[in-house]
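Letters go in sequence order (proteins before strands), and every chain restarts at 1.
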Amino acid sequence: MLDIQALRNDIDGVAARLAARGFTLETARFQELEAQRKVIQTRTQELQAKRNASAKQIGMAKAKGLDTTDIMAEVAQVGDELKQLEAKLPLVLQEMDAFLSVIPNTPHSSVPVGLSEADNVEMRRVGVVSTFDFEVKDHVSLGEGIGGLDFDTAIKLSGARFSLLKGGLARLHRALAQFMVDTHADQHGYTETYVPYLVNAASMRGTGQLPKFEEDLFRVPRQMGEGGVQNFYLIPTAEVPVTNMVRDEIVPLESLPMKFVAHTPCFRSEAGSAGRDTRGMIRQHQFDKVELVQMVHPDESYAALEGLLGHAEVILQKLNLPYRVMKLCSGDMGFSAALTYDIEVWLPAQNTYREISSCSNFEAFQARRMQARFRNANGKPELLHTLNGSALAVGRTLVAVLENYQQADGSIVIPDVLRPYMGGLEKLIKVVA
RNA sequence: GGAGAGGUGGCAGAGCUGGUUGAAUGUACCUGACUCGAAAUCAGGCAUACGGUAACCCCGUAUCGGGGGUUCGAAUCCCCCCCUCUCCGCCA
């Protein structure tokens, strides 16, 4: 949610910044709504004030045993108009809210202007891309080759875009997640959290998934009393439950920065991506992710973003996986972000870099929706800045390990840092299950 | 799932036979006085959002779990929902 004050003060400036990301702000519509709102709201409050004053007078008069018919008659006149306005006001406010809640965040001034992925800017490449003296296989062949990856059964159980891991591969997947969480908790100062995987609509609204992106979510309706239905949503990322911990809170200044790490499954219906990445486990309805979330003082958020990005990079460095860091252009950023870095890992079989992490600063965009605040040095409530990043997507990291650590015989060498999590195992080879 | 109790300001806790109550009182916290300093004591302050405004002054509106209703007026009355606690049942 943008600051409505910014729209009132400089709507053309805001519109120009949004245009950079391909969003057309309907300025006339805003001004029309704002004009309506102002008339109705001020008049309503005026009448309410009048009514309240009269009611108070009636109260006092009755206490003294005086006659109140005159004042009662006076209030009756206010009644009709007020009733109409009180019915109309919430409708106008709702319209305004609906208008505001589908406007994306304005990009930070350093964000390169562009329309698509192609305009993203490469910041750096880290690690050495290995050369193989044999024909590389992709993760599907490798996984199926060692007998640990079973899409056929996953399809039987659930359908397309699910995967089933077994044996050493399942353990490697778990090892990756644990290694990531341990690293962030023990070395980067994040507090480990375990969070709900089903959240309510208010939480989804807080981080920006609702109302605009409902089709990307799995909704779980639950029958409540008297025919009412309460919707739960499966989290598309741990960002949702973790960030919403501070929804409707005013946290003390000393508690900043707040840093959390969570390992959760993520559920995405991938409604708009039919036909993309259909082979393998790159794009799934369910995948695990280790997520970093920070709530920080507004002055610190960009420094915090660099820090958070670095924490994600550490994982790739420790795994010795080659990657590059991309700064997303205005047209490729997510709805709520002001600035986003993607980390892309090298996948030999695709002969390209693929996204494995996305680290964003949302500034106050999410905090404003959530009313997530801290008490500043003057003792006044002020909106927090929120950030998050994947560190990393576990499934895609597994893919990267398989492909980058493959051997000529189809076996997979286990990265050094993961061996303690694998009972000391050094290599995954074919096992008859 | 059954039975009962309850949800009020940072916390505790009144009010709930409708009326000058955004809300007593206590406590925590902040400021000042006293003190060499502290404690104790005394005085004062201390919710949030939105609107009027550019404004952290000022004025107004809303908010006593959420929504709806009755009324000139609702924390207080009525209806629906949610949540918490206790006991029983069931259960990983």
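G9(B) and G22(B) have their C1' atoms separated by 9 Å, with the value rounded to a whole Å. The P atoms of U41(B) and U27(B) are separated by 8 Å, rounded to the nearest whole Å. Annotation: G2(B) and U61(B) have their C1' atoms spaced 45 Å apart (nearest Å). As rounded to the nearest Å, A24(B) and U8(B) have C1' atoms that lie 12 Å from one another. With P as the reference atom, U17(B) and C59(B) are 34 Å apart, rounded to whole Å. Comparing the same atom, P, in A3(B) and in C77(B) gives a spacing of 23 Å after rounding to whole Å. C30(B) and C46(B): their C1' atoms are spaced 7 Å apart (whole Å). Rounded to the nearest Å, the gap between the P atom of G65(B) and that of U84(B) is 16 Å.
Using cut-offs of 30° and 60° for the angle between ring planes, the H297(A) and F374(A) rings count as tilted.
Residues H108(A) and Y302(A) place their aromatic rings such that the two centres sit under 6.0 Å apart.
Which of G51(B), C72(B), A49(B) sits closest to the side chain of Q5(A) comes down to G51(B). The side chain of R51(A) sits closest to A62(B) out of G52(B), G51(B), A62(B). Of the candidate nucleotides G19(B), G60(B), A49(B), G19(B) has the atom lying nearest to any side-chain atom of I58(A). Comparing C72(B), G51(B), A54(B) by their closest approach to the side chain of N9(A) singles out A54(B). Listed nucleotides C72(B), U48(B), G51(B) differ in distance to M72(A); the shortest reach to its side chain belongs to C72(B).
At a threshold of 4.0 angstrom between heavy atoms, the contacts of K62(A) include nucleobase atoms, whether or not backbone atoms are also involved. Within 4.0 Å of E74(A), counting heavy atoms only, lies no atom of the nucleic acid at all. Among the heavy atoms of the strands lying under 4.0 Å from R375(A) are primed sugar atoms or P, OP1, OP2 only; no base atom is included. Using a 4.0 Å heavy-atom cutoff across all strands shown, R373(A) reaches sugar-phosphate atoms only and no base atom.
G67(B) atom P lies 12 Å from atom CD of Q94(A), rounded to whole Å. Residue K38(A) contributes atom NZ, which lies 19 Å from atom P of U61(B) at whole-angstrom precision. Across the protein-nucleic acid pair, R222(A) atom CZ and C82(B) atom P stand 8 Å apart, rounded to whole Å. Atom pair E249(A):CD and U48(B):C1' shows a separation of 13 Å (rounding to whole Å applied). For the pair I250(A) CD1 and C29(B) C1', the interatomic distance rounds to 15 Å; values are reported in whole Å. Rounded to whole angstrom, the span from the NZ atom of K380(A) across to the P atom of C29(B) amounts to 20 Å. If you measure from atom CG of D97(A) to atom P of C50(B), you get 12 Å, rounded to the nearest angstrom. In this entry the distance linking CD of Q57(A) with C1' of G73(B) reads 12 Å, nearest Å.
Base pairing of C85(B) is made with G4(B), judged by Watson-Crick or G-U wobble geometry with both donor-acceptor distances under 3.5 Å. Nucleotide C77(B) forms a pair with G69(B), judged by Watson-Crick or G-U wobble geometry with both contacts under 3.5 Å. As the counterpart of C90(B), no nucleotide is assigned, since no Watson-Crick or G-U wobble pattern has both distances under 3.5 Å. Nucleotide U21(B) is matched to nothing when pairs are restricted to Watson-Crick or G-U wobble geometry with both distances under 3.5 angstrom. With a cut-off of 3.5 Å on both pairing distances, the Watson-Crick or G-U wobble partner of A62(B) is U48(B). With a cut-off of 3.5 Å on both pairing distances, the Watson-Crick or G-U wobble partner of G10(B) is U27(B). Partner assigned to A54(B) is none, using Watson-Crick or G-U wobble distances below 3.5 angstrom. Both distances falling under 3.5 Å, in either a Watson-Crick or a G-U wobble arrangement, place G32(B) opposite C42(B).
The shortest distance between the side-chain N/O atoms of N52(A) and the OP1/OP2 oxygens of U61(B) is below 4.0 Å. The phosphate of C82(B) has neither OP1 nor OP2 within less than 4.0 Å of any side-chain N or O from N200(A). Distances shown here put a side-chain N or O of R8(A) below 4.0 Å from the OP1 or OP2 atom of G51(B). Phosphate proximity of G52(B) to R37(A): present, with a side-chain N or O under 4.0 Å from OP1 or OP2.
In terms of polar N and O atoms assigned as donor or acceptor, the side chain of Q41(A) never comes within less than 3.5 Å of the base of G51(B) in a complementary pairing. For G19(B), the base has no donor-acceptor partner in the side chain of K56(A) [N/O atoms by modelled type, under 3.5 angstrom].
Judged by distance alone, the side chains of N105(A) and S336(A) never bring a donor and an acceptor atom under 3.5 Å apart. There is no side-chain donor-acceptor pair under 3.5 Å between E214(A) and Q209(A). In the model, Y421(A) has a side-chain atom that pairs as donor or acceptor with a side-chain atom of D182(A) under 3.5 Å. No side-chain donor from either of T386(A) and Q294(A) sits under 3.5 Å from a side-chain acceptor of the other. Between E239(A) and Q366(A), the side chains place a donor N or O and an acceptor N or O closer than 3.5 Å (distance only, hydrogens not considered). In this model, no donor atom of one side chain and acceptor atom of the other lie less than 3.5 Å apart for T44(A) and Q41(A).
Residue-to-nucleotide proximity on RNA chain B shows that, of N378(A) and E34(A), the 5′-proximal contact is made by E34(A). The residue among T42(A) and Q48(A) whose nearest nucleotide of RNA chain B lies closer to the 5′ end is T42(A).
Annotation: cation-pi geometry not satisfied between K327(A) and Y341(A) (NZ/CZ under 6.0 angstrom from ring centroid, within 45° of ring axis).
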